[in-house]
Chemist: 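Starting off with a structure, shown below.
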Amino acid sequence: MNEINFLTKLNYQRNYSSSKSPKVSASNEDAVNRLFESDRGRIINSAAIRRLQQKTQVFPLEQNAAVRSRLTHSLEVQQVGRYISKTVLHELKKKNLLEKYGLSERTDAFESLVEMSCLMHDIGNPPFGHFGEAAIQSWFSELLAPDYQFSEGFPDPCKIAVMRLTGDKRLDLFRRQLKKDLCSFEGNAQGLRMVHRLLKLNLTYAQVGSILKYTRGAYDLDPIPTEFDYLMKKPGYYWSESSFVNELCKKLDMGKYCRFPLSYIMEAADDISYCIADLDDAAEKGIFTVEQLMGYLQAEWGEVKKGDLFDETIMGAFNNISDNHTKRIQQDQFFMYLRVNITSKLARYSAQRFIQNLPEIYAGRFNSALLEDKSPEHRLLKVLKTVAFKHVFNHHEVEELELQGYRIIGGLLDFYKPLLMLERESFSSLVENNYHKQFFIETRLFHKLSNKHRLSYSEAIEGIRATSEIEKSILEFYYRARLIQDYISGMTDHYAYEEYRKSIVAN
């Protein structure tokens, strides 16, 4: 097990360092903190953070501003992450361990890295949340399915290079990897791609490491090792970012499939925040009353004993409701106290678990969430999530909105599909000339793509170092598909809806 030393683990270097940038010594605490402060500015002022205000938390296309968007949710996660961080540092200080662990000069950096990873944790989510993810996965899985039959008059399926069997075992393996990569769209992986490739924020290695929640490449065909089955349960990055992730792991001294330690705090903050927020939003929408919610929660918890965690948190919040106020104020009071009570208990427990398992967490081998054990705290979190699943996500209004989002994303992908059907030479000509006289519709579709995403595609194509024309074709199609995924996943809910509506009119 590596010696715990956050002085070196919180790497303040960047992937691209200007030659004019002054060299910063690790012993210069003020200069190091300014580098992480620069990360804060880059993140907070990024367009991706602003777009979160029009992306779904639970209720797509919601007009009620009191119901959470991804932005308001992320701000709440940021605050909980800050609370956990401060608790960790306070407890380590009480035990005189800050200096031993290299944290005495990195307390500000520790807090800032966690806060900003919490604020960024959802930037890769597509419109309509998890149903947007599912729509992209399903659409590309159908497009690239081996038995997919094109209708007569459609381009030969062999024109889609990713589908082609070459007879070359190395290329066929590569083809299968990239096919899986394209069919495994995931918000966390897209978030890392946005930070590094699309937004070009050039954050410090430690800041990027803090958002790498899962450690499996989307293209990975190998069985998942049991000792990392939690850390690898979802894709964490795409093939397009694999070389950067390899570099990141070296700079942060992370072994294969291992996590950066601060990402555990970000994950816990997210778990704590959304399990309360989803219930609060459902009550705001009138899906259930506070009294009905109490019944659901008690039914899941079972017998409530005086002084147990349910009694201290949920019953404590309910008992704070004043009969002298209106139902509206009573509801606001209940959720305020519920957040205070639950956050206090679960954040402190998360900090305790972080410290107790610090050697494994520091090494990135702790194969669990901080709030995943047999404790009362885990039980309480599970009760909140179960009630949300049964009575919020399964509610007919939510399901109808999710299906609507699924149709919108699928419809947009159908609309832009002609760009994927072009032969490589024709698409290259369209990109180079910004026009193709033989492909009127495809030209118009290409013009609708944002300059940022088109530039990212062009840069990727210029960087191709292929050993054959077949490999070049495989990679070109891969980056073209990424271009479409980047553009559609980057839309807000409202923009996606408007574009879908326009596409129906156009058809």
Side-chain angles (χ1 to χ4, degrees), residues 1-12 29 32-33 36 40 76-119 121 206-207 209-211 213 230-231 252-254 258-273 275-276 307-309 312-313 316 339-381:
M1 195 69 72
N2 294 343
E3 180 185 352
I4 298 172
N5 184 6
F6 282 95
L7 202 61
T8 57
K9 179 65 80 172
L10 304 188
N11 191 322
Y12 52 83
E29 182 181 3
V32 171
N33 283 334
F36 290 123
R40 293 179 71 92
E76 292 173 351
V77 176
Q78 178 185 348
Q79 176 55 32
V80 176
R82 175 184 172 88
Y83 185 13
I84 297 173
S85 300
K86 282 186 171 295
T87 305
V88 167
L89 294 170
H90 177 70
E91 292 301 314
L92 291 176
K93 183 178 181 180
K94 279 168 50 178
K95 297 177 181 180
N96 295 316
L97 290 173
L98 285 181
E99 187 172 355
K100 177 182 177 181
Y101 293 152
L103 278 168
S104 57
E105 297 177 6
R106 291 290 183 270
T107 54
D108 288 349
F110 190 100
E111 286 181 28
S112 183
L113 287 165
V114 170
E115 278 194 70
M116 290 301 100
S117 67
C118 290
L119 184 61
H121 82 283
Q207 188 66 80
S210 299
I211 64 167
K213 187 174 178 182
Y230 177 78
L231 299 180
L252 297 177
D253 192 25
M254 298 193 303
C258 292
R259 252 190 193 178
F260 189 64
L262 302 193
S263 62
Y264 290 95
I265 297 178
M266 177 269 286
E267 179 183 47
D270 186 27
D271 280 342
I272 294 167
S273 297
C275 74
I276 306 166
D308 70 11
L309 195 57
E312 289 184 348
T313 56
R339 281 192 298 275
V340 169
N341 293 350
I342 291 177
T343 300
S344 174
K345 295 290 184 182
L346 297 191
R348 288 183 176 277
Y349 186 72
S350 299
Q352 179 185 327
R353 286 265 288 167
F354 184 88
I355 294 169
Q356 286 175 344
N357 297 280
L358 192 50
E360 266 196 293
I361 286 172
Y362 181 84
R365 299 182 62 88
F366 187 63
N367 191 40
S368 170
L370 295 178
L371 286 164
E372 191 175 82
D373 57 6
K374 296 180 180 180
S375 65
E377 287 78 8
H378 169 69
R379 181 185 173 192
L380 181 64
L381 186 68

Chemist: Are the side chain of Lys9 and the backbone N or O of Asp253 linked by a donor-acceptor pair below 3.5 Å?
Modeler: yes
Chemist: Taking the side chain as every heavy atom from C-beta outward, state whether Leu10 and Leu113 have any atom pair closer than 4.5 Å.
Modeler: yes
Chemist: Which pair of non-hydrogen atoms, one from Ala347 and one from Ile84, has the smallest distance, and what is that distance?
Modeler: CB-CG1, 3.7 Å
Chemist: Any donor-acceptor pair under 3.5 Å linking the side chain of Ser112 with the backbone of Asp108?
Modeler: no
Chemist: Would you say Arg106 and Val32 make side-chain contact, with heavy atoms under 4.5 Å?
Modeler: yes
Chemist: Which heavy atom of Gln356 sits nearest to which heavy atom of Pro359, and what is that distance?
Modeler: O-CD, 4.5 Å
Chemist: State whether the side chain of Arg353 and the backbone N or O of Leu370 hold a donor-acceptor pair below 3.5 Å, judged by distance alone.
Modeler: yes
Chemist: Donor-acceptor check, side chain of Thr107 to backbone of Ser104, threshold 3.5 angstrom: yes or no?
Modeler: no
Chemist: Glu115 vs Arg40, test: salt bridge (Lys or Arg N to Asp or Glu O under 4.0 Å). Steps then yes/no.
Modeler: CA-CA 9 Å; Glu115 278 194 70; Arg40 293 179 71 92; 3.7 Å; yes
Chemist: Please examine the side chains of Gln79 and Arg82, heavy atoms only from C-beta on, and report whether any two atoms are closer than 4.5 Å.
Modeler: yes
Chemist: Quick one: OG1 on Thr313 to CD1 on Ile342, what's the gap to the nearest 0.5 Å?
Modeler: 5.0 Å
Chemist: Distance-only, no hydrogens or angles: does the Ser117 side chain make a donor-acceptor pair with backbone N or O of Val114 under 3.5 Å?
Modeler: yes
Chemist: Got a salt bridge between Lys345 and Glu312, using NZ or NE/NH1/NH2 to carboxylate O under 4.0 Å?
Modeler: yes
Chemist: Run the side-chain hydrogen bond (donor to acceptor under 3.5 Å, both in side chains) check on Asp270 and His121 step by step: do they pass?
Modeler: CA-CA 8 Å; Asp270 186 27; His121 82 283; 3.3 Å; yes
Chemist: Ignoring hydrogens and geometry, is there a side-chain-to-backbone donor-acceptor pair from Asp271 to Leu381 under 3.5 Å?
Modeler: no
Chemist: Say whether, by atom type as modelled, one donor and one acceptor occur between the side chain of Glu76 and the main chain of Ser273 under 3.5 angstrom.
Modeler: no
Chemist: How far does CD of Glu29 sit from CG of Leu7, to the nearest 0.5 angstrom?
Modeler: 9.5 Å
Chemist: Nearest 0.5 angstrom please: Ile272 CD1 to Ser344 OG, how far?
Modeler: 10.0 Å
Chemist: Check whether any side-chain heavy atom of Asp373 sits under 4.5 Å from a side-chain heavy atom of Tyr349, and report yes or no.
Modeler: yes
Chemist: Find out whether Phe110 and Val88 are in side-chain contact, i.e. whether some heavy atom of one side chain is under 4.5 Å from a heavy atom of the other.
Modeler: yes
Chemist: Just checking Phe6 against Tyr362, ring centres under 6.0 Å apart?
Modeler: yes
Chemist: Using modelled atom types only, decide if a donor and an acceptor are shared between the side chain of Ser375 and the backbone of Leu371 within a distance under 3.5 Å.
Modeler: no
Chemist: Stepwise, does the side-chain contact (heavy atoms from CB on, under 4.5 Å) test hold for Met116 with Gln78?
Modeler: CA-CA 7 Å; Met116 290 301 100; Gln78 178 185 348; 3.6 Å; yes
Chemist: Could you pull out the closest heavy-atom pair between Asn341 and Gly316, with the gap in Å?
Modeler: ND2-C, 3.9 Å
Chemist: Nearest 0.5 Å, please: how far is CG in Leu89 from CD1 in Ile355?
Modeler: 8.5 Å
Chemist: Does a side-chain heavy-atom distance below 4.5 Å link Arg379 with Leu309?
Modeler: no
Chemist: Under the criterion salt bridge (Lys or Arg N to Asp or Glu O under 4.0 Å), I'd like the reasoning laid out for Glu360 against Arg365: C-alpha separation, chi angles, the key distance, then a yes or no.
Modeler: CA-CA 5 Å; Glu360 266 196 293; Arg365 299 182 62 88; 5.8 Å; no
Chemist: Heavy atoms, side chains only, cut-off 4.5 Å: are Tyr12 and Gln207 in contact?
Modeler: no
Chemist: Is the closest side-chain heavy-atom distance between Leu358 and Tyr101 below 4.5 Å?
Modeler: yes
Chemist: Where is the tightest heavy-atom contact between Cys118 and Ala269, given as atom of each residue plus distance?
Modeler: SG-CB, 4.0 Å
Chemist: Which heavy atom of Asn367 sits nearest to which heavy atom of Leu231, and what is that distance?
Modeler: OD1-N, 3.2 Å
Chemist: Taking all non-hydrogen atoms of both residues, which atom of Ser85 and which atom of Glu111 are closest, and how far apart?
Modeler: CB-CG, 4.1 Å
Chemist: With a cut-off of under 6.0 Å to the ring centre and 45° to the axis, is Arg259 in cation-pi contact with Tyr264?
Modeler: yes
Chemist: So, taking the atom named NZ in Lys93 and the one named CD in Glu99, what distance separates them when rounded to the nearest 0.5 Å?
Modeler: 13.0 Å
